[in-house]
Colleague: 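Starting off with a structure, shown below.
Source: prediction; values computed, not measured. Note that the numbering runs from 1 along the sequence shown for the chain.
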Amino acid sequence: MLKKILLGAVALIALAGHVQAEDLKEFRVGIIGGENEADRLRNYQCLGDHLKAELGFEKVSFFPAADYDGVIQGLLGGTLDYAELGASGFAKIYLAKADAVEPILTTVQTDGSTGYHSIMVARKDSGITKLEDLKGKKLGFADPDSTSGYLVPLVTLPEAIGGPVKEYFAETGFGGGHENLVLEVLKGTFDAGTTFGSGVGEWKDGYTSGNLHKMVEKGILDMNDIVELWKSPLIPNGPIVVRTSLADETKAKFKQFMLDLPKKDAACFAAVMGGDFTSFTEVNVDFYKPIIDARKATIGG
């Protein structure tokens, strides 16, 4: 049932924005955890340059949080203007304060879909080749607020393993973000771990986008060292969100700026979004309703 809901969710598309005036001198960007801070700041630098040059902000400030919740709390508190979130992170905000942020855009994969997958991996030399081999072993999740790294596995794995996660595995834990989780799997801290990828393209490249792809590009992962044990149903790509209290004119200009970015600066678009995508497409809250409901039913707000 959830598989049908998730697949249906990625077929939904959106609504557009509003208009009004504002003199916003500083634009504050939240960057969720998942990979090391220096890499995140380097990838976002081009975006800051464009925002100042094209939208006239005097200052673009970046706030790379240590984990997902750091950005979530910044958005809830109104101290951030924009961030890219996972669907579960957005659900957490929505359940706490529905009008804190607006989801406006999400990415389109190279195959035209607007979704990605949770992917469970293990070391190739571990002898683990399928889910059945993991019974009684240790499973690592990425982050409590990660969609692919926690929520979706928590909801969809029971069908694949024939029972609750906590009963199938001897132990579960968190790896401190997607990149670190995979590194912990390679070190042997976990027998397997859940991360994410587009599921499109070549395995050797870590697919076309996602954490595995970014790690391959940075030279810190050889896909020959890991095996894929499980892949989730399609998950809605996470949203670009803006602070709801931003002036409508600012929101409209920023939205158009982002829609134009893939053609204006494809390299910057790929750096910020973490891989090969074709474009952005418009979304609204309805696109994420299945994830909001799933989070509310399992781990709450």
Side-chain angles (χ1 to χ4, degrees), residues 9 12-32 40 43-65 68 70-108 114 147 236-266 268-269 271-274 277-289 291-292:
L12 288 174
I13 317 243
L15 298 171
H18 317 276
V19 198
Q20 152 192 341
E22 174 182 49
D23 181 22
L24 188 67
K25 291 181 170 56
E26 180 183 7
F27 194 70
R28 301 161 300 176
V29 179
I31 310 176
I32 61 175
R40 285 181 283 159
N43 289 338
Y44 270 77
Q45 186 55 54
C46 61
L47 188 71
D49 295 339
H50 281 303
L51 284 168
K52 285 188 282 189
E54 297 175 37
L55 294 190
F57 296 117
E58 292 179 9
K59 183 179 182 182
V60 176
S61 299
F62 297 113
F63 298 91
Y68 284 42
V71 168
I72 289 168
Q73 295 307 318
L75 290 166
L76 281 170
T79 59
L80 297 173
D81 301 308
Y82 143 70
E84 179 207 354
L85 298 173
S88 183
F90 169 67
K92 183 175 183 176
I93 293 173
Y94 184 84
L95 290 168
K97 187 179 179 183
D99 62 350
V101 299
E102 295 176 16
I104 57 171
L105 301 169
T106 195
T107 45
V108 179
T114 50
T147 316
N237 283 344
I240 295 291
V241 302
V242 292
R243 176 168 54 88
T244 301
S245 56
L246 277 175
D248 289 347
E249 181 182 13
T250 302
K251 286 187 281 191
K253 286 180 177 179
F254 175 73
K255 183 177 182 179
Q256 191 58 55
F257 161 82
M258 293 298 280
L259 283 168
D260 293 340
L261 184 63
K263 290 184 178 178
K264 281 188 174 180
D265 191 339
C268 184
F269 173 55
V272 172
M273 304 315 297
F277 298 92
T278 61
S279 60
F280 287 114
T281 190
E282 298 178 34
V283 292
N284 63 10
V285 173
D286 289 342
F287 186 73
Y288 297 102
K289 193 68 165 57
I291 298 296
I292 294 169

Colleague: Can you tell if the side chain of Tyr288 reaches within under 4.5 Å of the side chain of Pro103, non-hydrogen atoms only?
Modeller: yes
Colleague: Determine whether Met273 and Ile240 satisfy the following criterion, side-chain contact (heavy atoms from CB on, under 4.5 Å), listing intermediate values before the conclusion.
Modeller: CA-CA 10 Å; Met273 304 315 297; Ile240 295 291; 4.2 Å; yes
Colleague: Are Tyr82 and Phe254 an aromatic pair by the rule of ring centers under 6.0 Å?
Modeller: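 Ring centroids of Tyr82 and Phe254 are less than 6.0 Å from each other.
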Colleague: Would you check if Ile32 and Glu84 make a side-chain contact, meaning some heavy-atom pair closer than 4.5 Å?
Modeller: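 No, too far: nothing below the 4.5 Å cut-off.
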Colleague: So how far is it from Lys263 NZ to Thr278 OG1, rounded to the nearest 0.5 Å?
Modeller: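 Those atoms lie 10.5 Å apart.
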Colleague: Might you point out which heavy atoms bring Ala271 and Asn43 nearest each other, and give the distance in Å?
Modeller: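 That would be O-CB, 3.5 Å.
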Colleague: For the CD atom of Glu26 and the CZ atom of Phe57, what is their distance to the nearest 0.5 Å?
Modeller: 10.5 Å
Colleague: Does any non-hydrogen side-chain atom of Val242 lie less than 4.5 Å from one of Thr250?
Modeller: no
Colleague: I need the minimum non-hydrogen distance between Ile31 and Arg40, along with the two atoms involved.
Modeller: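 Looks like O-NH1, 3.3 Å.
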Colleague: Any side-chain heavy-atom pair from Val272 and Tyr44 closer than 4.5 angstrom?
Modeller: yes
Colleague: Run Leu80 and Val101 through side-chain contact (heavy atoms from CB on, under 4.5 Å) and show every step you take.
Modeller: CA-CA 10 Å; Leu80 297 173; Val101 299; over 6 Å; no
Colleague: So, Ser88 side chain and Thr147 main chain: donor-acceptor pair closer than 3.5 Å or not?
Modeller: no
Colleague: Output a table of donor-acceptor pairs, distance under 3.5 Å, between side-chain atoms of residues 46-55 and any protein atom two or more places apart or on a different chain; print 'none' if there are none.
Modeller:
{"from": "Asp49", "atom 1": "OD1", "to": "Gln45", "atom 2": "NE2", "distance (Å)": "3.1"}
{"from": "His50", "atom 1": "ND1", "to": "Glu54", "atom 2": "OE2", "distance (Å)": "2.9"}
{"from": "His50", "atom 1": "NE2", "to": "Asp265", "atom 2": "OD2", "distance (Å)": "2.8"}
{"from": "Glu54", "atom 1": "OE1", "to": "Lys264", "atom 2": "NZ", "distance (Å)": "3.1"}

Colleague: So, the side chain of Asp81 versus the backbone of Arg243: is there a donor-acceptor pair under 3.5 Å, distance only?
Modeller: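 No, the answer is negative, given that no donor and acceptor are paired below the 3.5 Å cut-off.
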Colleague: To the nearest 0.5 Å, tell me how far Ile104 CD1 sits from Lys251 NZ.
Modeller: 9.0 Å
Colleague: Can you tell if the side chain of Leu85 reaches within under 4.5 Å of the side chain of Ile93, non-hydrogen atoms only?
Modeller: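 They are in contact (side-chain heavy atoms under 4.5 Å apart), so the answer is yes.
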Colleague: Atom OG1 in Thr106, atom CG in Asn237: separation rounded to 0.5 Å?
Modeller: 4.5 Å
Colleague: Mark yes or no for whether Thr79, through its side chain, and Gly74, through its backbone, hold a donor-acceptor pair below 3.5 Å.
Modeller: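 Judged by distance alone, yes, a pair lies under 3.5 Å.
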Colleague: According to ring-ring contact (aromatic ring centres under 6.0 Å, His included), who are the partners of Phe269, at least two apart in sequence or on a separate chain?
Modeller: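 Result, ring-ring contact (aromatic ring centres under 6.0 Å, His included) vs Phe269: Phe280.
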Colleague: Not counting sequence neighbours, which residues clear ring-ring contact (aromatic ring centres under 6.0 Å, His included) with Tyr68? List them please.
Modeller: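 For Tyr68, no residue satisfies ring-ring contact (aromatic ring centres under 6.0 Å, His included) once neighbours in sequence are set aside.
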Colleague: Side chains of Leu105 and Glu282, heavy atoms from C-beta outward: is any pair under 4.5 Å?
Modeller: yes
Colleague: Between Pro236 and Ala87, what is the shortest heavy-atom contact and its length?
Modeller: O-CB, 4.1 Å
Colleague: Are Lys289 and Asp286 within salt-bridge range, i.e. N to O under 4.0 Å?
Modeller: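 Salt bridge flag = no for Asp286 with Lys289.
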Colleague: For the atom pair OG1 (Thr244) and CD (Glu102), what is the distance rounded to the nearest 0.5 Å?
Modeller: 4.5 Å
Colleague: Closest heavy-atom contact between Gly30 and Ala83?
Modeller: O-CB, 3.5 Å
Colleague: Nearest 0.5 Å please: distance from the CE atom of Met258 over to the OG1 atom of Thr107.
Modeller: 10.0 Å
